**Q** 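The structure that follows is given in the form of C-alpha cells.
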Amino acid sequence: MTTPRPTPSIPFGRALCAMVTPFTATGALDLDGAQRLADRLVAEGCDGLVLSGTTGESPTTSDTEKAELIRAVRAAVGDRARVVAGVGTADTLHTVELARAAEKAGADGLLAVTPYYSRPPQDAVEAHFRELADACGLPVALYDIPGRTGTRIEPETMIRLAAHPRIVAVKDCAYDLLGTQKVLAETELAYYTGCDEYVLALYAIGGSGYISTVANVAPRHFRTIIDAFDAGDTAEAARLQRRTIPLTELMMSSGLPGTVTAKALLDRLGLPAGPVRAPLRPADRETADGLLRAYEELTTV
C-alpha cells in the first residue's frame, strides 16, 4: 500500500505560473490580454500567478504598470487563484515601495529576489528581506537565483529568515538540492522550484510545488506531474516530467531568456503575449518554429 505523501506548507498553492506580461504591438501594457491569459492559465490548472517577475519583464515595466497589472489580473481571476507580485529590486527602499503598492492593488503575496549587482554580504541580504517583510502585511517568498543576482541566500541565512512570521516561502533556483534539504529539515518554509526540470525532484523531497515559466504555454502538463505524484503513481509522475524536457530545454536552455521563448510560442499559439521590451529582442522564425514543434509533440497524445 502506498503511504500518502505528507502535505507540505502551500501558502500560494502548488502549481504557479511565472506569467509573461502581455504588451500591445506598439509595446504598451495589454491589460485585456493579461486578463485573458490569466484566465486561461487558471482554467488549465494554475493555483497561482506570479506577476512582474523576471519572466514578466519587471526590469522594463514601470511601477504604475506593475500596479495596474495586479489590479487587472485580480479582477480576472477573483478568488480562483493566488496573485503573487514580484517586487524585488536592487534597492531596499524601492522594494518596500513596490510591496506596499502591490498590497494596495490586491496581491495575495510577494516574491522578492536577492538584491542584484551590488552583491551584498549575508547580513545585508538578511536585513533587506527583514525590512521588506516588516513593511506590509503580505506573506513573502524569497527568490534565490544566484546565477542572475550574483548573490546566494545561504542556507543558514534562509533558516534565520524563516523565523519571521511573514517570510513563508522560497522560489528555489540555486541548483543546490543539498542546501535545499538542509533548509527543509530545519524550517517550515514552502519550497517552490523555479527550474522547470526540477519540478518532480524538489516535490519528491518535500517541496510545495513550482513557479514555472514553461507553464505559460503548457500549464496542464506540469500540473499533471505533481497530481500523479500526489496520487502515489511515482512512475507516471516521472514519465510526465520526462515528456516536458524537450520543450523545457528549448525554452529555458537555448541561450534566450524564458520571457523571449515563452512570448514567441504564445504568439504562435494565438495567445496574448506581444513583443518583448528592449534590451530583449524577439526570437527568430527558426527558434519559434522549433518551439512550436516541441509544443505539438508534448501536447499530442
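None of these values were measured; they are calculated from a predicted model.
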**Q** List in chain and number order the residues that pass ring-ring contact (aromatic ring centres under 6.0 Å, His included) with Tyr198, two or more places apart in sequence or in another chain; answer none if no residue qualifies.
**A** Tyr175

**Q** OG1 of Thr114 to CZ of Arg148: how many Å apart, nearest 0.5 Å?
**A** 13.0 Å

**Q** Can you find a pair of side-chain heavy atoms, one from Thr151 and one from Pro120, that are under 4.5 Å apart?
**A** yes

**Q** Indicate, with yes or no, if Leu142 and Val183 share a hydrophobic cluster defined by side-chain heavy-atom contacts under 4.5 Å among Ile, Leu, Val, Met, Phe, Trp and Tyr.
**A** yes

**Q** Hey, are the side chains of Arg36 and Arg40 touching, using non-hydrogen atoms and a 4.5 Å cut-off?
**A** no

**Q** Please give me the minimum heavy-atom distance between Asp39 and Ala76, naming the atom from each residue.
**A** OD1-O, 4.4 Å

**Q** Which pairs count as ring-ring contact (aromatic ring centres under 6.0 Å, His included) when at least one residue sits in residues 98-119, sequence neighbours excluded?
**A** none

**Q** Hydrophobic clusters here meaning ILVMFWY residues chained together by side-chain heavy-atom distances under 4.5 Å, can you tell me if Leu269 and Met252 are in one?
**A** yes

**Q** If Ile, Leu, Val, Met, Phe, Trp and Tyr residues are connected whenever their side-chain heavy atoms lie under 4.5 Å apart, and connections chain through other members, are Val260 and Val214 in the same group?
**A** no

**Q** Are any side-chain N or O atoms of Glu249 and backbone N or O atoms of Ile245, one a donor and one an acceptor, separated by less than 3.5 Å?
**A** no

**Q** Please name the pair of heavy atoms, one in Ser58 and one in Ser52, separated by the smallest distance, quoted to 0.1 Å.
**A** CB-O, 3.1 Å

**Q** Evaluate Glu236 against Arg239 for salt bridge (charged side-chain N to carboxylate O under 4.0 Å, His left out), listing each step before the verdict.
**A** CA-CA 5 Å; Glu236 176 66 0; Arg239 185 188 73 82; 2.8 Å; yes

**Q** In this structure, which one of Leu37, Thr261, Leu291 forms a side chain to side chain contact (heavy atoms under 4.5 Å, CB included) with Leu266?
**A** Leu37

**Q** At their closest point, which heavy atom of Asp144 faces which heavy atom of Arg152, and how far apart are they?
**A** OD2-NE, 2.9 Å

**Q** Are any side-chain N or O atoms of Arg223 and backbone N or O atoms of Gly45, one a donor and one an acceptor, separated by less than 3.5 Å?
**A** yes

**Q** Is Leu51 reachable from Leu271 through a run of I, L, V, M, F, W or Y residues, each pair having side-chain heavy atoms under 4.5 Å apart?
**A** yes

**Q** Taking all heavy atoms of Leu189 and all of Ala169, pick out the closest pair and write down the distance.
**A** CD2-N, 3.7 Å

**Q** Regarding Lys182 and Glu186, does a basic nitrogen lie under 4.0 Å from an acidic carboxylate oxygen?
**A** no

**Q** Using a 4.5 Å cut-off on heavy atoms from C-beta on, say whether the side chain of Cys136 contacts that of Leu110.
**A** yes

**Q** Does the side chain of Phe222 come within less than 4.5 Å of Thr248's, by heavy atoms?
**A** yes

**Q** Out of curiosity, Ser208 OG to Phe12 CZ, how far, rounded to the nearest 0.5 Å?
**A** 10.5 Å

**Q** Think Lys171 forms a cation-pi with Tyr143, using NZ or CZ under 6.0 Å from the six-ring centre and within 45 degrees of its axis?
**A** yes

**Q** Is the backbone N or O of Ala133 less than 3.5 Å from a side-chain atom of Arg166, with the two atoms forming a donor-acceptor pair by type?
**A** yes

**Q** Establish, from distance only, whether the side-chain atoms of Thr224 and Asp227 form a donor-acceptor pair under 3.5 Å.
**A** no

**Q** To check you understand the geometry: which heavy-atom pair defines the closest contact between Pro282 and Val276, and what is its length?
**A** N-CG2, 3.8 Å

**Q** Going by atom types only, do Thr61 and Lys66 share a side-chain donor-acceptor pair under 3.5 Å?
**A** yes

**Q** Could you check Arg14 against Tyr192 for side chain to side chain donor-acceptor pair (under 3.5 Å), going step by step and ending with a plain yes or no?
**A** CA-CA 8 Å; Arg14 301 191 194 297; Tyr192 295 90; over 6 Å; no

**Q** Within a strict 4.5 Å, meaning less than it, do heavy atoms of the Glu297 and Leu247 side chains meet?
**A** no

**Q** Mind checking the CG-NZ spacing from Leu138 to Lys104? Nearest 0.5 Å is all I need.
**A** 14.0 Å

**Q** Checking Arg277 against Phe23: charged group under 6.0 Å from the ring centre and within 45 degrees of the axis?
**A** yes

**Q** Just verifying a value: how many Å separate Gln241 CD and Ile225 CD1, rounded to the nearest 0.5 Å?
**A** 4.0 Å

**Q** List the steps, then state whether side chain to side chain donor-acceptor pair (under 3.5 Å) holds for Thr26 with Thr24.
**A** CA-CA 5 Å; Thr26 60; Thr24 67; 3.0 Å; yes

**Q** Roughly how far, to the nearest 0.5 Å, is SG of Cys17 from CG of Leu49?
**A** 6.5 Å

**Q** Counting only heavy atoms from other residues, nucleotides and ligands, does the tally under 6.0 Å from CG of Asp284 exceed 12?
**A** yes

**Q** Indicate yes or no: at least one non-hydrogen side-chain atom of Leu298 is less than 4.5 angstrom from one of Thr244.
**A** yes

**Q** For residues Thr55 and Thr213, is any side-chain donor paired with an opposing acceptor at under 3.5 Å?
**A** yes

**Q** State, to 0.1 Å, how close Ser212 and Asn216 come at their nearest heavy-atom pair, and which atoms those are.
**A** O-ND2, 4.4 Å

**Q** Are Ile145 and Leu256 connected in a single hydrophobic cluster, I mean Ile/Leu/Val/Met/Phe/Trp/Tyr linked by side-chain heavy atoms less than 4.5 Å apart?
**A** no

**Q** Could you give me the CA-CA distance, side-chain angles and deciding distance for Leu16 and Tyr210, then say whether side-chain contact (heavy atoms from CB on, under 4.5 Å) is met?
**A** CA-CA 6 Å; Leu16 282 78; Tyr210 57 81; 5.5 Å; no

**Q** Can you find a side-chain donor-acceptor pair between Asp172 and Thr193 that sits under 3.5 Å?
**A** no

**Q** Under a 3.5 Å cutoff, is there a donor and acceptor pairing between the side chains of Thr157 and Gln122?
**A** yes

**Q** Is Asp47 paired with Arg80 through a side-chain N to carboxylate O contact shorter than 4.0 Å?
**A** no

**Q** For residues Met158 and Thr187, determine if any side-chain heavy atom of one lies less than 4.5 Å from a side-chain heavy atom of the other.
**A** no

**Q** With a 4.0 Å cut-off, would you call Arg71 and Glu68 a salt bridge?
**A** no

**Q** Can you find a heavy atom in the side chain of Asp289 that is under 4.5 Å from one in the side chain of Arg268?
**A** yes

**Q** After noting the C-alpha distance and the side-chain angles of His128 and Thr92, does the key distance pass the side chain to side chain donor-acceptor pair (under 3.5 Å) rule?
**A** CA-CA 6 Å; His128 170 85; Thr92 301; 2.7 Å; yes

**Q** Let me confirm one number: the CZ-CD distance from Arg160 to Glu126, rounded to the nearest 0.5 Å.
**A** 4.5 Å

